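The next block holds one structure in the form of structure tokens; read it before the comments.
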Amino acid sequence: MTSKLRFFNTLSRQLEEFEPIDEGKARIYTCGPTVYDFPHIGNYRTFLFEDVLRRALELFGFEVTQVQNLTDVDDRTIQRANENGVSLREFTDRYATAFFEDLATLGVEPAEHYPRATEYVPQMVEIIKRLEAGGHTYRSDGSIYYRISTFASYGKLSGIRPEKNLAGARIDVDDYEKEDARDFVLWKAPKEGEPVWETDLGPGRPGWHIECSAMAMALLGETFDIHCGGVDNIFPHHENEIAQSEGATGCEFARYWLHGEHLVVEGEKMAKRVGNFFTLRDLVEKGFDPLVVRYLLISVPYRQRLNFTFDGLHAAEQAIDRIANTLRRLANTPQCDGVGDLDQATVDEFHKDFRESLGDDLNTARALAALHTLLRRVNTALDEGGICGERRAAVDVAFKEADSVLGIFPRNDAEAGSDAEIDLLIDERKAARANKDFARADEIRDELSAKGIVLEDTPHGTVWHRE
RNA sequence: GGCGACGUGGCCAAGUGGUAAGGCAGGGGCCUGCAAAGCCCUUAUCCCCCGGUUCGAAUCCGGGCGUCGCCUCCA
């Protein structure tokens with residue numbers, strides 16, 4: 001069985017086989033949300049790619065330690081908290097809670113650690129002190145800046161060379177107190193209306209980039225395996241993280257850098273003023289099953305831009321229904337002893353294709369194709385006489401494997417088939433059909449249909465389920 | 001000005017040298033009392049265009065056209 005996992009490493013711009021630092025273990029850092037508003041579906045596209053990553057690592061036998069931070073102190077959180085007239089903590093708590101609710105709604109497997117930036121200030125101070133000792137910093141107006149000219153490999157992740165990249169680029173003119181426009185702030189001087197930490201560095205608050213370096217190193221060590229985020233983070237955020245972390249420790253920060261492409265909506269960049277900006281809650285309110293949203297967001301490989309459309313949501317809805325229908329057929333069809341049986345080779349082929357697809361830089365489109373092929377073969381076997389007990393167990397294992405990574409199998413909302421009132425009507429309809437009283441039979445079916453109950457007459461009796 | 005991505009059937013999308021996965025939608029059929037579900041067949045001799053390399057290219061090279069991203073807070 002294939003057990004190779006290969007990822008496209010932004011650092012090398014190549015596919016590389018994953019080899020962890022510690023045998024059998026994978027330590028990964030995933031940039032989390034800034035908790036100043038409800039995350040949008042674009043945020044979740046990235047978080048779901050990371051969820052698939054951790055689940056795939058687990059399928060391939062790795063013990064995963066994942067850290068996903070919450071940025072709860074930065075320009076936006078401070079500004080919004082002030083606008084709302086509540087404390088920073090109270091304000092960010094609201095959206096942290098919403099974030100965790102959304103993760104549960106989407107069936108995201110929880111990370112091992114969800115550190116909040118405000119709880120790691122001492123660790124940030126420690127790193128900045130090391131950087132100061134190493135001559136990587138300078139102070140200006142009470143703030144501390146990173147002098148990127150002291151970090152020779154600055155730009156190795158993004159390919160951006162500051163000196164070659166000035167003409168035409170927009171430069172942050174507000175930061176006039178910096179020696180070089182590309183330098184970035186590590187520690188911000190106190191300001192009216194902003195929270196202040198009294199530290200060895202003097203009073204102030206952390207810059208955004210240092211937060212991730214501190215949380216990552218505190219929980220995963222100075223060197224760890226995989227660092228993820230959205231493509232927009234490559235520069236400057238991740239570039240700066242590398243400069244800070246490696247500048248302080250002298251050793252490699254993260255070995256594999258994986259970046260998720262963005263999504264657009266109906267071909268356009270998502271923006272509130274365009275009216276194509278959606279949060280998960282917006283879609284749930286419109287009546288879409290979160291599982292459908294999950295399916296759509298993971299159906300396109302993570303390095304490919306995803307065009308989120310309502311047509312696409314509809315297609316995902318159909319695909320989810322197909323899975324549910326097949327599971328229901330499987331449950332309602334008696335086992336047979338061989339006729340029209342499913343070949344074990346078919347199941348084996350699924351496992352092979354599925355793992356190869358995921359191993360190939362998390363190719364979820366191919367993994368889904370493998371699943372759909374298995375679904376079709378299972379249905380064909382059911383049509384042709386059934387599946388024997390032994391093979392059925394193998395199919396269960398295969399489905400379980402698919403679901404363990406994709407997380408798109410509908411939960412058996414049980415009860416289907418055990419409502420006394422409905423059963424009574426079905427019995428009556430059965431009698432009517434036996435008497436060829438199809439008018440009455442159809443009347444009963446329509447009546448149930450109006451209540452969202454769908455009847456199916458199978459060779460093994462009538463079954464029902466909710467729409 | 002710098003760096004980079006992409007262009008495959010109506011839609012989404014796999015496929016990076018050997019003759020076009022999968023899903024959705026459409027058409028036809030089987031099954032059914034009729035449905036539902038499912039299955040089968042069907043839709044790209046062709047992968048933006050032009051040239052080249054090769055026995056052979058959607059896949060490699062060159063040129064062109066088009067779309068887009070980053071270089072500024074951003075998943």
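Worth saying up front: this structure is predicted, and the values here are computed from it rather than measured. By convention in this document, chain letters (A, B, ...) are assigned in the order of the sequence lines, proteins followed by strands, and residues within each chain are numbered from 1.
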Have a look at [X] and say if it touches a base, only the backbone sugar-phosphate, or nothing, with a 4.0 Å heavy-atom cut-off.
X: A:His40; result: base
X: A:Pro39; result: nothing
X: A:Gly229; result: sugar-phosphate
X: A:Phe235; result: sugar-phosphate
X: A:Arg440; result: nothing
X: A:Arg76; result: sugar-phosphate
X: A:Leu296; result: nothing
X: A:Leu455; result: base

Looking at the rings of [X] and [Y], which for Trp means the six-membered one, are their centres under 6.0 Å apart?
X: A:Phe18; Y: A:Phe60; value: no
X: A:Phe409; Y: A:Phe399; value: yes
X: A:His238; Y: A:His209; value: no
X: A:Phe278; Y: A:His40; value: no
X: A:Phe38; Y: A:Phe99; value: no

State which of [options] makes the closest approach to the side chain of [X].
X: A:Ile160; options: B:C71, B:A35, B:C40; value: B:C71
X: A:Thr380; options: B:G4, B:C34, B:C39; value: B:C39
X: A:Asp360; options: B:A37, B:A75, B:G15; value: B:G15
X: A:Arg433; options: B:A36, B:G33, B:G4; value: B:G33

Record whether the side chain of A:Asp457 comes under 3.5 Å of the base of B:C34 through a donor-acceptor pair of N or O atoms. yes
Quiz item: Taking atom types as they are modelled, is there a donor-acceptor pair under 3.5 Å from the base of B:A35 to the side chain of A:Arg445?
Solution: yes
Euclidean distance, atom [atom1] of residue [X] to atom [atom2] of [N] [Å, nearest integer]:
X: A:Arg466; N: B:A37; atom1: CZ; atom2: P; result: 18 Å
X: A:Leu306; N: B:C68; atom1: CG; atom2: P; result: 17 Å
X: A:Phe354; N: B:A21; atom1: CZ; atom2: P; result: 21 Å
X: A:Lys430; N: B:G33; atom1: NZ; atom2: C1'; result: 16 Å
X: A:Leu11; N: B:C3; atom1: CG; atom2: P; result: 19 Å
X: A:Leu371; N: B:A21; atom1: CG; atom2: C1'; result: 14 Å
X: A:Arg366; N: B:G15; atom1: CZ; atom2: P; result: 6 Å
X: A:Glu456; N: B:U32; atom1: CD; atom2: C1'; result: 12 Å

Parallel, tilted or perpendicular: ring planes of [X] versus [Y], cut at 30 and 60 degrees:
X: A:Tyr44; Y: A:Phe47; value: perpendicular
X: A:Tyr114; Y: A:Phe100; value: perpendicular
X: A:Trp257; Y: A:Phe253; value: tilted

Checklist entry - Tell me, do A:Lys451 and A:Glu421 make a side-chain contact under 4.5 Å, heavy atoms counted? => result yes
Review point. With side chains defined as the heavy atoms from C-beta onward, is the minimum distance between A:Thr10 and A:Ile234 less than 4.5 Å?
Key: yes
With a 3.5 Å limit on both atom pairs, tell me what [N] is paired to, counting Watson-Crick and G-U wobble, or say none.
N: B:G4; value: B:C68
N: B:G38; value: B:C30
N: B:C74; value: none
N: B:A25; value: none
N: B:U19; value: none
N: B:U59; value: none
N: B:U53; value: none

Rounding to 0.5 Å, atoms CZ (A:Arg355) and CG (A:Leu5) come to a distance of 10.0 Å
Give a yes/no answer on whether the side chain of [X] brings an N or O atom under 4.0 Å of OP1 or OP2 in [N].
X: A:Asn363; N: B:G15; result: yes
X: A:Lys269; N: B:C70; result: yes
X: A:Asn379; N: B:C39; result: yes
X: A:Asn325; N: B:G38; result: yes
X: A:Gln304; N: B:A14; result: yes

If you restrict it to nitrogen or oxygen atoms, what contacts under 3.5 Å exist between nucleotides 22-31 of chain B and the protein, and what is each distance?
none

Using the [atom1] atom on both, measure [N] against [M] and round to a whole Å.
N: B:G18; M: B:C60; atom1: P; value: 12 Å
N: B:G26; M: B:A20; atom1: P; value: 27 Å
N: B:G9; M: B:G38; atom1: C1'; value: 25 Å
N: B:C73; M: B:G62; atom1: C1'; value: 40 Å
N: B:G4; M: B:U45; atom1: C1'; value: 35 Å
N: B:G51; M: B:C3; atom1: C1'; value: 28 Å
N: B:G28; M: B:G64; atom1: C1'; value: 43 Å
N: B:G7; M: B:U53; atom1: P; value: 25 Å

Per nearest nucleotide of RNA chain B, the residue lying toward the 5' end, A:Gly267 or A:Val300, is A:Val300
Between A:Ser158 and A:His262, the residue closer to the 5' end of RNA chain B by nearest nucleotide is A:Ser158
Discussion item. Please tell me whether A:Ser12 and A:Glu16 have a donor and an acceptor in their side chains that are separated by less than 3.5 angstrom.
Written reply: yes
